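The structure appears below as structure tokens.
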Amino acid sequence: MNFDIKFDFQRRERLGLIEAIWGQDKSIDQLKRLSESVLSKNEVVFITRINSEKANYLLDLYDDAQFYEEANCLIIGKNLNKINTNKKVAIISGGSSDLGVTLEAQLALKIYGVNSQSFIDVGVAGLHRLMSQLEEINKYNVLIVCAGMEGALATVVGGLLAQPIIAVPVSVGYGVSKDGETALNSMLSSCSPGIAVMNIDNGYGAAMAALRIIKSIS
């Protein structure tokens with residue numbers, strides 16, 4: 001059964017942001033129809049949480065489609081209205097297990113022309129790794145911090161650096177980590193004031209929060 005698919009084309013006018021497409025719970029047919037609709041308006045297609053089967057189908061349809069398997073994201077076309085800014089975002093993560101979330105954030109920023117740099121494997125279990133990168137990280141205007149397990153990295157960064165910090169709990173960890181719930185609660189309970197916290201694994205949401213900040217200070 002086909003349903004009408006309504007894409008929010010006015011979102012760019014209201015917010016300066018385009019609507020991303022959530023791929024996980026959409027059928028291949030829905031993704032195809034949405035992509036056709038978006039491309040017909042000369043907008044870029046950005047699909048998050050898409051698996052290889054769905055991605056490969058769209059790759060066969062569109063020559064300029066790019067699938068980023070580690071991030072489970074697919075991009076078709078280009079964003080013709082990028083943000084004009086010299087502000088930069090640092091994406092900091094506790095370990096390479098957080099890579100999928102950090103890449104999702106990095107791709108979302110790249111679409112808008114915002115420069116970002118990832119700092120991987122600087123988790124609190126080896127604090128010297130973070131400290132050795134601190135001077136470089138401090139050059140960035142907005143910080144996205146991704147961490148699983150107990151999620152303490154956001155609190156540590158928040159106690160050391162003054163930039164806006166967007167924390168992303170990651171669904172990595174044994175038993176009581178509860179697929180990221182422990183990291184989420186830890187970040188929400190942070191004693192470093194002023195940290196904004198996204199939902200579990202929401203790298204895209206963190207990137208959009210960073211864009212809102214950048215647009216307000218550019």
Side-chain angles (χ1 to χ4, degrees), residues 7-8 11-12 15-26 31 34-35 38-39 42-59 61-121 137 140-148 164-172 180 196 198-215 218:
F7 193 82
D8 185 4
R11 186 172 299 187
R12 185 188 287 281
L15 309 178
L17 308 174
I18 59 171
E19 181 180 0
I21 299 170
W22 175 263
Q24 181 172 305
D25 300 302
K26 290 183 175 64
L31 292 173
L34 269 170
S35 298
V38 173
L39 292 170
N42 293 317
E43 280 286 16
V44 62
V45 173
F46 183 49
I47 305 176
T48 64
R49 301 303 172 88
I50 184 171
N51 62 29
S52 297
E53 179 187 0
K54 296 174 184 178
N56 287 331
Y57 180 86
L58 294 174
L59 287 171
L61 289 180
Y62 300 102
D63 292 336
D64 59 346
Q66 293 180 286
F67 178 42
Y68 301 87
E69 189 168 4
E70 287 183 292
N72 293 316
C73 292
L74 184 135
I75 299 172
I76 310 172
K78 294 181 180 179
N79 183 1
L80 301 178
N81 296 286
K82 295 183 178 181
I83 296 172
N84 184 20
T85 182
N86 61 357
K87 306 302 182 185
K88 302 183 297 181
V89 179
I91 305 173
I92 307 160
S93 75
S96 53
S97 297
D98 309 325
L99 189 60
V101 177
T102 64
L103 284 176
E104 182 179 276
Q106 193 165 29
L107 287 170
L109 292 168
K110 183 179 179 181
I111 285 176
Y112 290 88
V114 174
N115 289 325
S116 65
Q117 177 63 46
S118 292
F119 296 85
I120 308 294
D121 282 332
I137 292 171
Y140 290 78
N141 304 96
V142 181
L143 312 180
I144 295 174
V145 182
C146 306
I165 294 174
I166 304 157
V168 185
V170 179
S171 55
V172 172
M198 294 293 107
N199 208 335
I200 298 168
D201 291 341
N202 193 2
Y204 172 75
M208 295 304 100
L211 284 175
R212 286 176 181 264
I213 294 169
I214 286 171
K215 285 166 61 65
S218 294

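Note that the coordinates shown come from a computational prediction; the quantities given were computed from them, not determined experimentally. Heavy-atom basis, side chains included; hydrogens, waters and symmetry copies ignored.
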Return the CD to CG distance between E104 and L109, rounded to the nearest 0.5 Å.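 Here the interatomic distance stands at 11.0 Å.
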
Rounding to 0.5 Å, atoms OG1 (T102) and CD1 (I92) come to a distance of 11.5 Å

Are any of the side-chain heavy atoms of [X] and [Y] separated by less than 4.5 Å?
X	Y	answer
K87	V142	no
I166	L143	no
Y140	N115	no
D98	V172	yes
W22	T48	yes
L58	I50	yes

Taking atom CG of D25 as the centre, report whether more than 12 heavy atoms of other residues, nucleotides or ligands fall under 6.0 Å from it.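 More than 12 heavy atoms, drawn from other residues, nucleotides or ligands, come within 6.0 Å of this atom.
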
Does atom NZ of K26 have more than 12 heavy-atom neighbours from other groups under 6.0 Å away? yes

Please enumerate all residues that pass side-chain contact (heavy atoms from CB on, under 4.5 Å) together with Y57, with sequence neighbours excluded. I28, K32, L61

Could you go through residues 65-77 and list every donor-acceptor pair under 3.5 Å that involves a side-chain atom there, pairing it with any protein atom two or more places apart or in another chain?
{"from": "Q66", "atom 1": "OE1", "to": "Y68", "atom 2": "OH", "distance (Å)": "3.3"}
{"from": "E69", "atom 1": "OE2", "to": "S52", "atom 2": "OG", "distance (Å)": "3.4"}

Kindly say whether [Y] contributes a backbone atom to a donor-acceptor pair with the side chain of [X] at under 3.5 angstrom?
X	Y	value
R12	N81	yes
D121	S96	yes
K215	G16	no

Any residue meeting ring pair (Phe, Tyr, Trp, His ring centres under 6.0 Å) with Y62, in chain and number order, not counting sequence neighbours: none

